Amino acid sequence: MPELPEVETIARNLCLGTQQQPSLVGRHILGANLLWGRTLVEPSPVEFSQRIEGQVIEAIDRRGKFLYFQLTCDWLLFHLRMSGDLVVQRLDSPQKTHDRLVLPLEGELELVFNDARKFGRVWLVEEVDRVVGHLGPEPLDESLTPAIFFTKLQSTRRQLKPLLLDQPFLAGLGNIYADEALNLAKLHPLIISNTLAEAQAASLLQSIRTVLRDGIARNGASIDWVYRGGDFQNYFRVYQRTGKPCQECGTLIARIIVGQRGTHFCPQCQPPLSSMEVSHG
DNA sequence: CACGAGACCTGTTCGC
DNA sequence: TGCGAACAGGTCTCGT
């Protein structure tokens with residue numbers, strides 16, 4: 001489900017609190033109730049319960065699509081994959097159908113990991129890089145300069161769409177924001193990365209940042225039966241707009257399969273060749 | 001190295 | 001109405 005803006009929104013809400021729920025920072029974790037075994041990658045369920053009990057939540061943040069809780073001694077990490085969600089509720093609230101892990105907390109609260117499709121995963125580790133060390137740069141981190149991004153695009157020969165989804169290449173983009181960024185940059189999803197000119201690479205990086213910032217500003221997107229309170233889904237340019245007119249040129253949005261993922265683009269605004277080749281052809 | 005297929009899962013929507 | 005197929009915000013592994 002969630003991509004960078006949705007995970008960022010969840011992390012902020014857990015860290016800062018909302019109108020409906022208090023901040024979790026500074027609270028003791030009182031135990032653990034694992035309801036679906038495969039949710040927990042490591043350690044064993046018994047060791048997980050023993051180690052996490054009594055630790056304090058010191059900080060909550062995000063790296064790529066991973067949510068992490070910095071605890072007294074360990075790092076608690078969640079990956080929500082397609083359908084995972086983290087909710088705070090009153091202690092001993094009625095269990096819901098897809099609850100996978102419940103952590104009772106100080107203050108009559110509990111943190112619940114709910115995940116219909118069971119793809120989501122949880123880790124408790126001493127060294128955080130064991131889980132997130134393989135990730136590429138954060139797209140919103142200014143230390144990722146246009147020059148560095150251009151060099152990275154030059155270093156491989158892959159289609160842009162699958163490359164943007166590759167977390168070791170760049171951390172945080174998923175199917176929605178990859179399609180939105182390519183449309184904003186006016187680049188066809190099948191363009192080979194090392195054929196981009198430096199200006200096009202800079203435009204792509206700028207577009208990625210624009211769609212991610214817009215997504216965060218709107219608290220992420222809420223689609224299908226999963227509602228998170230965000231409304232970025234009302235501002236999609238191409239995603240899930242197959243057959244509807246492009247807002248720039250009126251051409252009907254097309255949908256193709258790339259790397260087994262539905263891929264949405266405007267055939268007019270995003271020509272299959274890079275714009276340099278088109279302009280000279 | 002790069003790509004495609006299959007696996008992991010459940011739920012909703014679409015087409016006949 | 002019913003039923004199977006297609007589809008879903010993700011990632012891993014394996015074969016070519």
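Bear in mind that the values here come from a model prediction, so they are computed numbers and not experimental data.
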Does a nitrogen or oxygen in the side chain of [X] sit under 4.0 Å from OP1 or OP2 of [N]?
{"X": "A:Ser83", "N": "C:dG10", "value": "no"}
{"X": "A:Lys118", "N": "B:dT10", "value": "yes"}
{"X": "A:His98", "N": "B:dC9", "value": "no"}

Length of the line joining [X]:[atom1] and [N]:[atom2], which is rounded to integer Å:
{"X": "A:Arg38", "N": "B:dC8", "atom1": "CZ", "atom2": "C1'", "value": "7 Å"}
{"X": "A:Ile257", "N": "C:dC7", "atom1": "CD1", "atom2": "C1'", "value": "9 Å"}
{"X": "A:Gln159", "N": "B:dC1", "atom1": "CD", "atom2": "P", "value": "17 Å"}
{"X": "A:Tyr177", "N": "C:dG10", "atom1": "OH", "atom2": "C1'", "value": "15 Å"}
{"X": "A:Ile176", "N": "C:dA8", "atom1": "CD1", "atom2": "C1'", "value": "10 Å"}
{"X": "A:Phe119", "N": "C:dA8", "atom1": "CZ", "atom2": "P", "value": "13 Å"}

Is there a side-chain contact between [X] and [Y], using heavy atoms and a 4.5 Å cut-off?
{"X": "A:Leu77", "Y": "A:Val125", "value": "yes"}
{"X": "A:Pro43", "Y": "A:Arg51", "value": "yes"}
{"X": "A:Arg209", "Y": "A:Glu142", "value": "yes"}
{"X": "A:Arg81", "Y": "A:Asp115", "value": "no"}

Which whole number of Å gives the distance between the [atom1] atom of [N] and that of [M]?
{"N": "B:dC14", "M": "C:dG9", "atom1": "P", "answer": "15 Å"}
{"N": "B:dC8", "M": "C:dC3", "atom1": "C1'", "answer": "24 Å"}
{"N": "B:dG11", "M": "C:dT1", "atom1": "P", "answer": "22 Å"}
{"N": "B:dC9", "M": "C:dG4", "atom1": "P", "answer": "22 Å"}
{"N": "C:dA6", "M": "B:dA7", "atom1": "P", "answer": "16 Å"}

Could you go over nucleotides 11-14 of chain C and give all protein N or O partners under 3.5 Å, atom names and distances?
unit_1: C:dT11; atom_1: OP1; unit_2: A:His79; atom_2: NE2; d: 2.8
unit_1: C:dT11; atom_1: OP2; unit_2: A:Lys65; atom_2: NZ; d: 2.8

Margin query: Under the side chain to side chain donor-acceptor pair (under 3.5 Å) test against A:Asn183, which residue among A:Gln247, A:Gln270, A:Glu248, A:His188 passes?
Written below: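 Among the candidates, only A:Gln270 passes.
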When clusters are formed by joining ILVMFWY residues with side-chain heavy atoms under 4.5 Å apart, either directly or through shared neighbours, do A:Ile208 and A:Phe265 land in the same one?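 Different clusters.
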If you measure from the Lys or Arg side-chain nitrogens to the Asp or Glu carboxylate oxygens, is any gap between A:Lys65 and A:Glu3 under 4.0 Å?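 Answer for the salt bridge query: no.
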Pairs under 3.5 Å (Watson-Crick or G-U), crossing ones as [ ], inter-strand ones as |: DNA chain B comes out as .|||||||.|||||||
According to the interplanar angle, ranging from 0 to 90°, do the rings of A:Phe66 and A:His134 count as parallel (below 30°), tilted (30 to 60°) or perpendicular (above 60°)?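 Aromatic pair A:Phe66/A:His134 classed perpendicular.
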* Asked: Has the side chain of A:Arg157 got a donor or acceptor atom sitting under 3.5 Å from an opposite partner on the base of B:dA2?
  ->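 Absent.
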* Asked: What does A:Arg121 touch in the nucleic acid at a heavy-atom separation under 4.0 angstrom: a base, only the sugar-phosphate, or nothing?
  ->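 Contact class for A:Arg121: none.
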Looking for any heavy atom pair under 4.0 Å, which part of the strands does A:Arg255 touch: base, sugar-phosphate only, or nothing?
->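 Result for A:Arg255 = sugar-phosphate.
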Acceptor/donor pairs from residues 87-94 of chain A side chains to any protein atom, 3.5 angstrom cut, sequence neighbours excluded:
unit_1: A:Gln89; atom_1: NE2; unit_2: A:Glu110; atom_2: OE2; d: 2.8
unit_1: A:Ser93; atom_1: OG; unit_2: A:Arg90; atom_2: O; d: 2.6

Answer with yes or no after comparing the ring centroid distance for A:Tyr177 and A:Tyr239 against a 6.0 Å cut-off, counting only values under it.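 Ring centroids of A:Tyr177 and A:Tyr239 are no less than 6.0 Å from each other.
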